[in-house]
Every structure is written in structure tokens, then in C-alpha cells.
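Written below as C-alpha cells is the structure these notes are about.
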Amino acid sequence: MRTVNTSVKKKDAMALVTGKPVYTDDLAPGDCLIVKVLRSPHAHALIKEIHKEKAEKLAGIACILTYKDVPQKRFTMAGQSYPEPSPYDRLILDQRMRFVGDAAVIVAGETEDAVDHALRLLKVEYEVLEPVLDFKQAKDHPVLIHPGEDWLSLCPVGADNKRNLCATGGEEHGNVDEVLKQCEYVVEQVYHTKANQQAMMETFRAYSYLDTYGRLNMVASTQVTFHVRRILAHALDIPKSRIRVIKPRIGGGFGAKQTVVAEVYPAIVTMKTGRPAKMIYSRYESQIASSPRHEMEVHVRVGADKNGILQAIDVYTLSNTGAYGEHGPTTVGLSGHKSIPLYRTPKAFRFAYDVVYTNCMSSGAYRGYGATQGIFAVESAVNELAEKMGMDSVKLRELNMVKEGDIMPAYYGETLNSCALDRCMARAKEMIRWDEKYPRVDMGNGKVRGVGVAMAMQGSSISGVDVASVELRLNDDGFYTLMIGASDMGTGCDTTLAQVAADCLECDLDEIAVHGTDTDVSPYDSGSYASSTMYLTGMAVVKACGEMREKIIRKGAQYLDCPEDSLEFDGKRVYQLSGELEIFLKDIGNKVMCFNEDMLTAGACHTSPVSPPPFMVGMAEVEVDQETGEVELLDYVAVVDCGTTINPNLARIQTEGGIAQGIGMAMYEDITYSSKGQMLQNSFMQYKLPTRQDVGDIRVEFESSYEPTGPFGAKSIGEIVINTPSPAIADAVANAVGARVRELPVTAEKVYWGMKR
């Protein structure tokens with residue numbers, strides 16, 4: 001390998017650090033109309049009348065749109081492959097408001113001041129309805145959030161709008177209840193995670209314009225470029241052929257931009273006015289009207305025999321999708337399918353779930369995608385089981401963890417072809433000096449230190465669904481253009497995919513020019529989500545490079561006038577092993593520009609029937625003040641098995657960033673609502689994100705396995721890294737002072753009252 005497993009610099013590094021104009025708002029035309037939305041002050045209401053006459057008379061106002069002015073065709077904003085599991089429950093503008101912050105009126109004008117003035121002049125009369133705010137009471141509630149007959153679910157996910165159900169389902173292997181009765185030790189607990197915000201640096205933003213041919217061009221900060229095209233076509237009720245979507249550089253997504261949060265609003269304005277239009281979400285809007293993590297309540301029962309061998313795991317998840325169903329039916333599945341399979345020993349398991357509508361802000365995709373919530377619950381329950389048994393929680397996992405070669409019934413029956421989880425555990429234990437510190441060390445000054453542990457798994461793409469494609473072109477002078485449909489959202493996939501191509505083609509990295517993503521130019525790709533980019537798109541690159549090598553040899557044989565099977569290609573030249581004939585790649589690239597009937601291009605598509613999981617072990621050391629309950633995170637060690645690390649530096653940064661987000665979820669980030677459904681954490685003054693000083697010392701190492709179905713043995717890394725901090729930190733606090741916190745975040749108040757019990 002020349003560049004794979006090497007920490008090369010990102011291709012866009014210098015442009016980003018020197019502030020080049022590469023992001024959506026940097027590129028927007030100066031004459032764009034400014035688009036904003038008047039948002040509902042009520043959690044549940046019907047619009048009776050909109051008085052817009054005064055606002056329309058303002059100088060600089062181009063259009064004001066209400067539900068009467070836009071197509072009344074249901075769609076979903078979830079960026080998923082068709083047919084989307086998420087229900088079609090959205091309109092661009094609806095007469096019914098379903099949460100505080102729902103879009104009531106669209107205003108577009110020449111300047112931001114004019115638009116803001118118009119928003120203040122708009123008067124809306126509402127019929128205020130009873131909201132459903134408690135997701136524990138939403139199922140079969142007499143108040144329906146989507147009572148309309150035009151609500152539509154395309155997939156059999158158990159959705160029923162007449163019961164406030166976005167999805168319901170489950171599966172069972174063996175007789176869980178009977179096995180649990182026979183267990184020596186049983187833990188049964190309920191765990192609660194909140195609707196965390198992704199809080200990426202670049203908020204939601206998009207601009208649109210009509211090109212020379214009258215087609216709608218959308219430039220958006222999105223993870224799902226091709227899905228945006230389909231969603232806009234549904235929402236605007238126009239053919240996909242009339243839409244082009246372009247993705248520039250993205251200032252972070254973390255799953256939030258797998259939902260089409262902003263794009264429909266400038267799009268409808270451009271269609272109505274014929275003028276360029278852009279929408280830039282404020283941080284306030286991103287907090288109150290976007291796509292946070294799904295709040296979940298997870299009921300767990302886990303039982304073991306007297307030797308500590310797990311016998312049964314029972315998981316029931318209640319998920320709050322909020323006002324709309326984006327990603328509701330799919331996130332919930334990972335809460336069980338990515339937590340139960342961590343353990344190889346249970347004779348029986350059961351996983352059931354309900355996803356309910358409420359009059360809260362709708363949820364969406366967030367790094368970890370349901371696995372984060374389920375792993376917090378199951379790993380916390382396993383830690384409680386170890387405590388109940390008087391067994392070291394690392395030892396309990398060593399006895400039960402999944403191993404390479406296992407068939408995993410709770411993970412779609414897949415066979416585990418690559419797994420270094422045991423080595424991850426051993427290395428993490430050594431790094432944190434577990435045996436010296438477990439379970440606690442009293443510092444003698446009123447403070448106690450404790451250590452905690454958690455394991456995690458994720459996936460690598462959605463098996464049997466996701467698709468990745470690339471196109472490769474040989475240019476004059478012998479350099480290549482690699483066109484990808486995947487969306488680099490700061491993760492560096494433009495670089496890592498070029499590394500794969502460079503090794504396959506035996507050339508320098510600088511000889512691979514990467515282009516993406518544009519629906520008119522790029523080959524189809526499902527998008528950058530579900531930890532799919534390196535695993536799927538990387539394999540498409542491997543395939544395309546193989547085809548390109550064959551075509552180069554074939555063309556070389558034509559120019560050298562000799563049989564193909566007598567030639568080799570070493571990245572620089574096509575040559576004859578047994579003779580003196582050779583032709584350099586540069587010359588082939590130049591010669592095909594004249595008197596040639598063969599295009600030296602290669603394209604490849606890849607999908608996978610399996611989704612090989614990466615694994616991770618995280619261990620936390622905390623110090624707890626026994627007088628106040630204050631928790632300080634001192635040390636966090638993580639060891640990751642992502643198969644082959646394509647770019648170790650980028651993999652390390654992914655891991656450190658994901659851990660920091662997980663620490664935020666575990667200790668700081670909270671979402672609460674008023675009695676009227678108003679989300680209270682509407683700015684960074686109220687919504688606490690950890691700074692570098694808050695996350696302690698984060699130490700990361702890798703234990704590589706080799707995944708035979710991935711490029712150069714690689715699996716994914718994007719999501720696995722966020723999943724261990726919550727259960728590990730909660731466990732460390734419990735080991736330190738005996739306060740077991742089961743509702744995130746782990747705050748000083750909860751720890752203090754936990755110590756008082």
C-alpha cells in the first residue's frame with residue numbers, strides 16, 4: 001500500500017483553513033432574495049386567517065406565501081432511499097401547526113431588514129388545539145397529530161396516524177420470559193435519553209436559481225444530494241428532470257443534514273418568482289426547528305446465570321419522533337439491533353418498539369442513529385448486572401462479548417467476519433489501568449474517583465439498500481478524475497477515496513482529482529449517512545480502478561501492437577514483461593485525444609448484502625465531589641476496531657470528535673419543554689455544549705481487524721465513536737459514589753440526590 005493506512009493531508013485542507021469561499025453562503029449570488037419563515041407560537045393549532053396585506057405593501061418584499069399558495073402534496077423530508085420508510089406527512093406549508101416553530105408563512109424580500117419588517121407585520125389568527133407533549137401518553141391519545149386522510153406510509157412499518165403511531169414492531173428469538181425466570185441474577189430498569197442537537201458549525205442553508213433551460217438549481221449544505229432532488233420533486237410536484245442539486249463544502253452535518261430542513265423554502269420562492277433565493281438558518285432556528293436526536297425511553301431486562309453468562313436480553317424502546325416522522329421508523333431499530341448483538345451468549349432475546357408522534361419539534365438523524373440510545377440503556381443494564389453480581393464489569397463482558405466468526409441472530413443473522421472487540425477491551429483496560437482503579441479510589445479530600453466501561457457496535461451502510469457509484473476518467477498527461485456521488489461533510493472522504501484510488505492505480509495522490517457532488521454530473525449515491533461512505537463508495541472505487549487498469553492495458557496493447565496478455569501496468573507505463581515494448585501512461589492519455597474511438601473511463605456501482613459492524617470500547621475516569629455531586633471527567637480512553645484505517649489521522653479526529661459529542665450528551669446537553677410546548681434551550685446560552693476544557697483527556701488507539709467485504713479490509717468509523725461515553729461515564733459515576741443515573745445528562749443535581757438515596 002502506497003497511501004492507504006497513511007495520514008495524508010486532506011485535499012481541501014488549505015482552502016478551509018485559509019478561509020476560501022467554499023461554503024453555501026459564500027457561493028450564493030449577490031442578488032438572491034432573502035427567505036425567512038414565520039413560525040407558529042403554538043404547539044398545536046389551526047390557521048384560521050393570515051393577514052398579510054400590510055406586509056405585502058412593504059418596499060423590497062417579493063412574495064409572501066401561505067398554505068393556499070403552495071402545492072398540497074404530502075412528502076417526507078427524510079433523506080432515505082425510495083420508497084422511504086418515513087411517512088409522507090409533510091406539506092411545504094400546512095394549515096395545521098404541529099409544534100412551536102412549525103412553518104406558517106414564507107416571506108421573501110430584497111434585504112434581511114425588509115423581510116424581518118414584513119414578518120413583524122404579519123398577523124395570523126389561530127384556533128389553538130390541545131397538544132400532546134408527553135410521549136409516554138401519545139400512543140392512542142384522543143388528540144390526533146395527523147388526522148388527515150392524505151397522510152401516507154409507503155412501507156409496512158406499522159405506522160397508523162389514527163393512533164399517533166409513526167412505527168411499531170419487534171422480534172423475538174427464544175422464550176425470553178421463561179429464560180429470565182431461570183436466571184440467577186436479573187436486572188430490570190428504564191433508561192431515558194433526550195433529543196440532543198447536532199449543533200454543527202454551519203447551520204442549515206440553501207440557495208436556488210433557474211438556469212438557462214428553466215431548470216431549478218439547488219445548492220445546499222446536504223449529506224443526501226440525490227435524495228434532495230427527489231424530495232424537492234415531490235414537494236414542488238414537478239419532474240425530477242427539472243431539478244439539479246449541487247453540494248459545496250459542508251461545515252458539519254452529523255446526520256442533521258440527512259433531513260431536508262431548509263431547501264424547500266427557497267425552492268418554492270424561486271419557482272414562484274423566477275428569481276434566485278436563499279435561506280440561512282439562524283442558530284435560534286437550528287435549535288427550535290430542525291432535526292435533533294430522537295428522545296427515547298428504553299426498558300431493559302437482562303439476566304445471567306450464577307457464573308455470569310448472559311441468558312436473556314429484553315429491550316423495549318419508546319421513541320418520540322415529534323411532530324413529523326423523519327427517520328422515526330428507522331432510528332428505533334438500531335436501539336435494539338446495535339446493542340443486543342454485542343453479546344454472544346443469550347439463549348433468548350426480544351426487541352419491541354413504538355414510535356409516537358407528539359407536538360414537539362420533529363426529530364431526525366444524528367450520529368449513532370438510535371444505536372446511541374440503545375447502547376446507553378443496554379450497557380448501563382449490563383453494568384448494573386455486574387454490580388448486582390459483585391463481578392468486575394470488564395470481566396462480565398469478557399465472558400459474553402461477541403467474537404469473530406459468530407452468527408448474530410439479533411443482527412439480521414449476519415456472520416461476523418471481522419472483530420477485534422476482545423483486543424479493544426484488553427488494550428483499553430491497560431491504557432486506563434483498570435485493575436488499579438476499579439471500582440473507585442477515595443482521594444481523601446471529599447472527592448472520589450471512579451472508572452466505568454462500555455462497548456459499542458455500529459454498521460457499515462444499510463445492507464441490501466444503500467448504493468454507491470463512482471466514475472473514473474483518464475485525462476491527457478495521464479492524471480485521473482474521480483467523480484463521486486458521496487457527500488464529503490468535513491470527514492475527508494474526498495481524500496480517503498482518492499487514497500484508495502491511488503493505491504489501486506499505483507499513482508501519486510496528487511494525480512487523482514476528486515469531483516463531487518452534483519446530480520447532473522456525479523453518479524448516483526445514496527448519500528453520506530449510515531456509516532456507508534468508505535465501505536460502499538470505497539469498494540466502488542476499487543471496482544472502477546480495476547476496470548480502468550484493464551482498459552489502459554487494452555489501449556496499450558493497441559498502441560504497441562501486441563497481445564494484451566503479454567502486458568503489465570505499473571501505474572506509470574504499460575510494458576511487456578518479456579520484451580522491450582513499453583508506452584507511458586502520459587502518452588496513452590495524450591494519444592487518445594486524437595483519432596480514437598475508445599473512452600478511457602470506468603464506472604462502478606456497489607451495494608452490500610451485509611453491514612459489517614465496527615466495534616469500540618470506551619473507558620472513563622471521573623472525579624465526583626461528594627458534597628455537591630459535581631462530576632469532572634479526568635480521562636477517556638477509546639480503542640476502535642474499524643477494520644483497516646485508511647487514513648489514521650482522519651480516523652483519530654473522527655474518534656475524538658465523536659467522543660466529545662458523546663461526552664456532551666452524557667454530561668451537559670439537555671432539551672426541555674414548557675407546559676405549552678416551547679423548547680427552552682433555544683440558544684447556546686441555555687444549551688450547554690462541552691468545550692475543550694470540559695472533555696478531559698481523550699486518548700484514542702486502534703485495534704485493526706480485516707473485513708473481507710470492505711476496501712483494503714476497511715469498515716466504517718463515522719458513527720461508532722459517539723456511542724460509549726454515556727454508559728461509560730454513568731458507570732464511572734456509579735462506581736465512584738453509588739449514584740446510578742438513568743436519565744441523561746448526568747448532572748450534579750442528579751448525582752447529589754442519587755447519593756442521598
Side-chain angles (χ1 to χ4, degrees), residues 43-44 76-78 85-87 89-90 97-102 130-141 143-146 153 157-161 163-170 190-198 255-256 259 287-300 315-336 351-366 368-377 665 669-681 687 726 742-745:
H44 198 192
T76 177
M77 287 187 176
S86 299
D89 54 13
R90 285 269 193 181
M97 301 289 97
R98 293 179 172 87
F99 71 99
V100 175
D102 209 352
E130 178 187 348
V132 180
L133 299 175
D134 186 347
F135 76 122
K136 300 172 190 177
Q137 300 176 6
K139 182 179 175 180
D140 294 321
H141 196 284
V143 174
L144 295 181
I145 294 163
H146 288 275
S153 179
V157 295
D160 187 346
N161 61 318
R163 300 182 63 196
N164 286 336
L165 273 177
C166 181
T168 186
V190 180
Y191 304 89
H192 185 195
T193 62
K194 299 294 189 69
N196 312 108
Q197 279 287 5
Q198 296 90 338
T259 302
Q287 286 294 112
I288 67 158
S290 55
S291 56
R293 187 185 297 286
H294 286 77
E295 177 185 20
M296 292 187 188
E297 183 180 81
V298 186
H299 300 239
V300 181
V315 174
Y316 168 73
T317 302
L318 178 65
S319 177
N320 181 7
T321 194
Y324 300 98
E326 282 95 16
H327 301 280
T330 42
T331 51
V332 71
L334 275 66
S335 69
F351 173 45
Y353 55 84
D354 288 312
V355 183
V356 294
Y357 285 113
T358 63
N359 290 116
C360 301
M361 173 175 39
S362 63
S363 296
Y366 187 177
Y369 203 81
T372 317
Q373 297 95 309
I375 286 171
F376 168 65
M665 177 180 178
E669 300 174 48
D670 200 4
I671 291 289
T672 58
Y673 285 87
S674 72
S675 59
K676 294 185 177 180
Q678 183 175 17
M679 204 268 280
L680 300 178
Q681 290 74 24
Y687 189 73
S726 292
R742 301 184 183 93
E743 180 184 73
L744 296 179

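These numbers come from the heavy atoms of this one structure, side chains and all, not from hydrogens, waters or symmetry mates. Keep in mind that what you see is a predicted model, and the values were worked out from it rather than measured.
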Seminar exercise, completed: Tightest non-hydrogen contact, residues P329 and V332, listed as O-CG1, 3.6 Å
For this session: For residues M77 and S362, determine if any side-chain heavy atom of one lies less than 4.5 Å from a side-chain heavy atom of the other.
Result: no
For this session: Any chance you could lay out the side chain to side chain contact (heavy atoms under 4.5 Å, CB included) test for T331 and Q373, step after step, and finish with the verdict?
Result: CA-CA 10 Å; T331 51; Q373 297 95 309; 5.7 Å; no
Problem set entry | For D160, salt bridge (charged side-chain N to carboxylate O under 4.0 Å, His left out) partners two or more places apart | none
Seminar exercise, completed: The ring-ring contact (aromatic ring centres under 6.0 Å, His included) partners of H327 (sequence neighbours excluded) come to Y369
Problem set entry | S319: partners by side chain to side chain donor-acceptor pair (under 3.5 Å), with sequence neighbours left out | none
Exercise. Would a 4.5 Å heavy-atom cut-off, applied to side chains only, mark M361 and Q197 as touching?
Worked result: yes
For this session: Mind running side chain to side chain contact (heavy atoms under 4.5 Å, CB included) on H141 and E130 for me, showing each step along the way?
Result: CA-CA 11 Å; H141 196 284; E130 178 187 348; 3.8 Å; yes
Exercise. If every non-hydrogen atom of N320 is compared with every non-hydrogen atom of C360, which pair is closest and at what distance?
Worked result: ND2-SG, 4.3 Å
For this session: With sequence neighbours left out, write down each residue that passes side chain to side chain contact (heavy atoms under 4.5 Å, CB included) with S363, or none if nothing qualifies.
Result: P292, H294
Problem set entry | Straight-line distance of M665 CE to N196 CG, nearest 0.5 Å | 5.0 Å
Problem set entry | Heavy-atom check, side chain of I145 versus side chain of N359, under 4.5 Å | yes
Exercise. Tell me, do P87 and Y357 make a side-chain contact under 4.5 Å, heavy atoms counted?
Worked result: yes
Exercise. Roughly how far, to the nearest 0.5 Å, is CG of L133 from OH of Y673?
Worked result: 9.0 Å
For this session: With sequence neighbours excluded, tell me which residues meet side chain to side chain contact (heavy atoms under 4.5 Å, CB included) with H299.
Result: V190, E297, Y316
For this session: Please round to the nearest 0.5 Å and tell me the distance separating atom CG of L318 and atom OH of Y353.
Result: 13.0 Å
Exercise. Looking only at side chains, do T321 and E326 share a donor and an acceptor under 3.5 Å apart?
Worked result: no
Problem set entry | Donor-acceptor contact present, side-chain N164 to main-chain Q137, <3.5 Å | no
Problem set entry | Donor + acceptor pair across side chains of T317, S335 (<3.5 Å) | yes
Problem set entry | Listed partners of R163 passing side chain to side chain donor-acceptor pair (under 3.5 Å), at least two apart | D140
Exercise. Side chain to side chain contact (heavy atoms under 4.5 Å, CB included) between I671 and M679: does it pass, once the steps are laid out?
Worked result: CA-CA 7 Å; I671 291 289; M679 204 268 280; 3.7 Å; yes
Exercise. Does any non-hydrogen side-chain atom of Q198 lie less than 4.5 Å from one of S291?
Worked result: yes
Exercise. Do the side chain of D89 and the main chain of G325 share a donor and acceptor less than 3.5 angstrom apart?
Worked result: yes
For this session: Could you tell me which residues satisfy ring-ring contact (aromatic ring centres under 6.0 Å, His included) with Y324, sequence neighbours excluded, listed by chain and number?
Result: H146
Exercise. Below 4.5 Å, heavy atoms only, C-beta onward: do Q681 and K194 meet side chain to side chain?
Worked result: no
Problem set entry | Any L744 side-chain heavy atom under 4.5 Å of F376 side chain | yes
Problem set entry | Derivation and outcome, side chain to side chain contact (heavy atoms under 4.5 Å, CB included), residues D354 and L165 | CA-CA 7 Å; D354 288 312; L165 273 177; 4.0 Å; yes
Problem set entry | Heavy-atom pair with the smallest gap, counting every atom of V157 and P85 | CG2-O, 4.0 Å
Exercise. What are the two closest heavy atoms between F135 and E295, and how far apart are they?
Worked result: CE2-OE2, 3.4 Å
Problem set entry | Residue list, side chain to side chain contact (heavy atoms under 4.5 Å, CB included) with A377, at least two apart or on another chain | Y191, V298, V300
Exercise. For A138, what residues pass the side chain to side chain contact (heavy atoms under 4.5 Å, CB included) criterion, not counting sequence neighbours?
Worked result: V132, V356, T358
Exercise. When rounded to the nearest 0.5 angstrom, what is the spacing between NE2 in H44 and CE in M97?
Worked result: 10.0 Å
Problem set entry | Pairing residues for S674 by the side chain to side chain donor-acceptor pair (under 3.5 Å) criterion, not counting sequence neighbours | none
Problem set entry | Residues that E743 engages under salt bridge (charged side-chain N to carboxylate O under 4.0 Å, His left out), provided they are two or more places apart | K750
For this session: Could you tell me which residues satisfy side chain to side chain donor-acceptor pair (under 3.5 Å) with Q287, sequence neighbours excluded, listed by chain and number?
Result: none
